[in-house]
Amino acid sequence: MKPLTALTVYTTTPIFYVNAKPHLGHFYSMTLADVRNRWCKFNKRDTFFTTGTDEHGLKVQMAAQTAGVDAKMFCDNLASKFKDLAKLGHIDYDRFIRTTDNDHYKAVYHFWNVVNANKYIYKGKHSGWYSVSDEAFYADTDIVESTDEKTGEKIMISKETSSTVIFQSEDNYFFQLSEFQDKLLSFLKDNPDFIKPKKYYDFIINELETRTLTDLSISRLSTRLQWGIPVPNDDTQRIYVWFDALINYLTSEGYPNATVMPRPTHLIGKDIIKFHCIYWPAFLMAAGLQMPKQVFVHGHWLMGGRKMSKSRGNVADPIKISNYYGTDALRLFMMKYSVLDTDGDYSEETLNTLRSEFIDKFCNLMVRSLSKNFNIERALSKLKTESLESLVKNVGDNEFSDKILFIQSSINNLKSDIDEDITNFEMHRAVQKIFNHAPLVNGLFDNYEPWAFKVKANDSEEVKSAKELKQDIIIFTALDSLRVILIILQSIIPEYSALLLDRLNVDSKKRTIDYANIGSDLSYGKDAIFKKGSKVPLSKLELLSQ
Ligand code: ME8
């Protein structure tokens, strides 16, 4: 396991139920967290990033039964589909945790025993409404009568999720959630940034101020739930799936043996906010453990205006989309249109348009800069002996000089401009700021038409070098801006960036933040595009531009 410190930036995704194969919503959570993690790593912060699968509970048990397969085999098969997606999607996790992992069992046992020793667990009779598809309990006031679409029978459903609830009555273990109402409220009042965006913070505050927390049943009779972790010292009961799943965040940090555990930043979908912002902090308080750092909540991807859901079947398959359009086209689409506190509507047409926009903006910038009309090596070598500031002065055109130096400073500031956006999962802002630089840089070609500075036979030495200087400055500024932008884009679209940086012959060791400044690397560009022997054949770039 990677050594962790209290300062490690620890980012988590939810762990996904393995009742069906992954869909776009899961890939979205993974990608948001991956971009943040890559970005923090790029900024030389010490990082730790986990994702994984939630494998126990009635929902998975029933899915396995329906498939007629042994539960563990069923989970193995689906967990590998989530892992395959992570691989295809460039999700660079440190740990893929499965709740069937041995160390997780140990962590859950330990956690249960600590909370029990702290006297927050007791045995009692549980009677109430339960939704298997949500793996959640509902109070009488949270349900309504409805009619089953298929059978026409009267059923009870959750008002919030419309999923069917069933009445259950059995002896269970309870967690004393009611004990934590005031403690949670005062913790949240002291930490107004704990839940982001603010509308979700307000929602939880409102819940805690207006509803009374009742104790939570945290086990099931083993006769009903076989596919769960046994309650320590009571084989007749299995642990409720959320009391098992949430602990994954601790298992990954080496709990209970770890001496130092960084506080995680949880990224979750809005459907599981109560579990992460009420139950989880209460469980942690009961175990005497520190609070997470923050919980970021994102909206849902809809398709045709309705939430994508495995059970409803209106799902976009991230594997199929990636295979067709390219993984990075999908990553870019999700990040560009990701606004945390709203839902997004998935549209293949928008994805395709964005892909073309990326190619128009960035690939064409590269193709233009690397035209045979220009001498990149000459341009780069000028910068080896003189700074850009002093070179532009020699052109003697103030407007030109201001423009070049403005682009230089804007590009140099880009990484700090987007730092907060990315660490706070405001990816659409970061993508917009990066994209805004393309017309700025492209404008150099449109405004100055550097291809027109042809040296003529009767040009004096002075005229010749003035023409060359201006052309070289434009080409250098355009190409080097592109190099820096691509280095920055690695966190969002690692594959496309690598493809284009390879094309520019940028040394693989010079793609770090130290080189994300204009003029910080003058060793690339040799035999770049359109010349024989360049590392990445032109056809790859063409593939990207299809
Ligand atoms: O809730 N749009 O697992 P789950 C965006 N195992 N994101 C979506 C989405 C959509 N349409 N649908 C799902 C569980 N998600 C529990 C979590 S954590 C300790 C246990 C994403 O398979 C989103 O992150 O139902 C949501 O919270 C998560 O998948 C739910 O996945």
Side-chain angles (χ1 to χ4, degrees), residues 11-34 50-61 63 75 78-79 81-82 85-86 91 96-100 104 107-108 111 131-136 160-161 163 200 227-228 239-252 264 266-281 283-284 292 295-318 330 333-335 337-346 425 427:
T11 310
T12 71
T13 74
I15 49 168
F16 307 107
Y17 287 128
V18 286
N19 61 317
K21 67 185 173 60
H23 64 67
L24 186 77
H26 305 125
F27 186 47
Y28 175 54
S29 303
M30 283 183 182
T31 307
L32 273 172
D34 179 65
T50 63
T51 188
T53 43
D54 186 356
E55 306 193 1
H56 296 122
L58 272 174
K59 181 162 157 152
V60 174
Q61 177 178 307
C75 291
L78 278 158
K81 297 227 169 358
F82 279 87
L85 171 64
I91 306 299
F96 187 99
I97 179 158
R98 299 181 55 186
T99 52
T100 47
H104 181 67
V108 173
F111 192 87
S131 157
V132 175
S133 109
D134 302 341
E135 294 280 19
E160 193 188 325
T161 62
S163 61
Y200 295 110
W227 188 232
I239 297 177
Y240 170 44
V241 64
W242 277 97
F243 200 86
D244 149 2
L246 286 160
I247 292 159
N248 90 84
Y249 303 129
L250 299 175
T251 309
S252 294
H266 298 307
L267 173 74
I268 58 164
K270 64 179 183 180
D271 50 329
I272 52 177
I273 176 168
K274 269 195 266 177
F275 300 97
H276 282 80
C277 300
I278 295 181
Y279 295 0
W280 182 223
F283 293 169
L284 288 167
V295 180
F296 282 87
V297 184
H298 67 68
H300 283 150
W301 282 99
L302 313 176
M303 215 158 123
R306 295 191 75 186
K307 189 195 164 195
M308 262 179 224
S309 107
K310 291 179 271 198
S311 25
R312 210 174 282 132
N314 64 330
V315 291
D317 180 344
L330 179 56
F333 166 79
M334 292 189 299
M335 297 303 100
Y337 294 105
S338 157
V339 181
L340 283 197
D341 59 5
T342 61
D343 290 338
D345 212 3
Y346 172 71
F425 300 96
M427 304 306 175

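Indexing begins at 1, ligand by ligand and atom by atom, following the structure's order.
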Subset of ligand 1 atoms that lie under 4.0 Å from at least one heavy atom of [X]:
X: Asp54; answer: 6 (N), 16 (C), 20 (C)
X: His23; answer: 9 (C), 12 (N), 13 (C)
X: Gly269; answer: 23 (C), 24 (O), 26 (C), 27 (O)
X: Ser29; answer: 21 (C), 23 (C), 24 (O)
X: His298; answer: 5 (C), 7 (N), 23 (C), 24 (O)
X: Asn248; answer: 19 (C)

Tell me the nearest of Gly25, Ala136, Gly57 to atom 5 (C) of ligand 1, using heavy-atom distances.
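Going through Gly25, Ala136, Gly57 one by one, Gly25 has the nearest heavy atom to atom 5 (C) of ligand 1.
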On a heavy-atom basis, I'd like to know which of Tyr17, Phe27, Trp242 is closest to atom 22 (O) of ligand 1.
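Comparing heavy atoms across Tyr17, Phe27, Trp242, the nearest one to atom 22 (O) of ligand 1 lies in Tyr17.
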Under a 4.0 Å N-O cut-off, is there an ion pair linking Lys21 with Asp317?
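Between Asp317 and Lys21 there is a salt bridge, with a charged N closer than 4.0 Å to a carboxylate O.
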Between Lys59 and Asp134 (salt bridge meaning N to carboxylate O under 4.0 Å), is one present in this structure?
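No, no charged N to carboxylate O under 4.0 Å.
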Do ligand 1 and [X] have nitrogen or oxygen atoms that lie under 3.5 Å from each other?
X: Lys270; result: no
X: Gly299; result: no
X: His276; result: no
X: Trp301; result: yes

Can you tell me if Glu135 has a non-hydrogen atom under 4.0 Å from ligand 1?
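Glu135: no contact with ligand 1 (<4.0 Å).
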For Trp280, is the nearest heavy atom under 4.0 Å from an atom of ligand 1?
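In this structure, Trp280 fails to qualify as a contact of ligand 1 - no heavy atom is under 4.0 Å.
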Applying side chain to side chain contact (heavy atoms under 4.5 Å, CB included), run through Trp242 and Glu135 and close with a yes or a no.
CA-CA 8 Å; Trp242 277 97; Glu135 294 280 19; 4.1 Å; yes
Using the side chain to side chain donor-acceptor pair (under 3.5 Å) criterion, which residues pair with Thr100? Sequence neighbours excluded.
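Here the qualifying residues are Glu55.
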Please identify each residue that fulfils side chain to side chain donor-acceptor pair (under 3.5 Å) with Thr99, with sequence neighbours left out.
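Residues passing side chain to side chain donor-acceptor pair (under 3.5 Å) with Thr99: none at all.
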If I compare all heavy atoms of Asp54 with all of Val60, which pair ends up nearest, and what's the gap?
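It is O-CG2, 4.1 Å.
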For ligand 1, note which part of Asp271 has a heavy atom under 4.0 Å away: side chain, backbone, both or neither.
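Side chain only.
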Heavy-atom distances under 4.0 Å are what count here, so tell me which part of Leu302 touches ligand 1: side chain, backbone, both or neither.
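No part of Leu302 is near ligand 1 at this cut-off.
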Close aromatic pair by centroid cut-off 6.0 Å: [X] and [Y]:
X: Phe111; Y: Phe243; value: yes
X: His26; Y: Phe82; value: yes
X: Tyr249; Y: His266; value: yes

So, Ser163 and Ser131: side-chain donor and acceptor under 3.5 Å apart, yes or no?
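Yes, a side-chain donor-acceptor pair sits under 3.5 Å.
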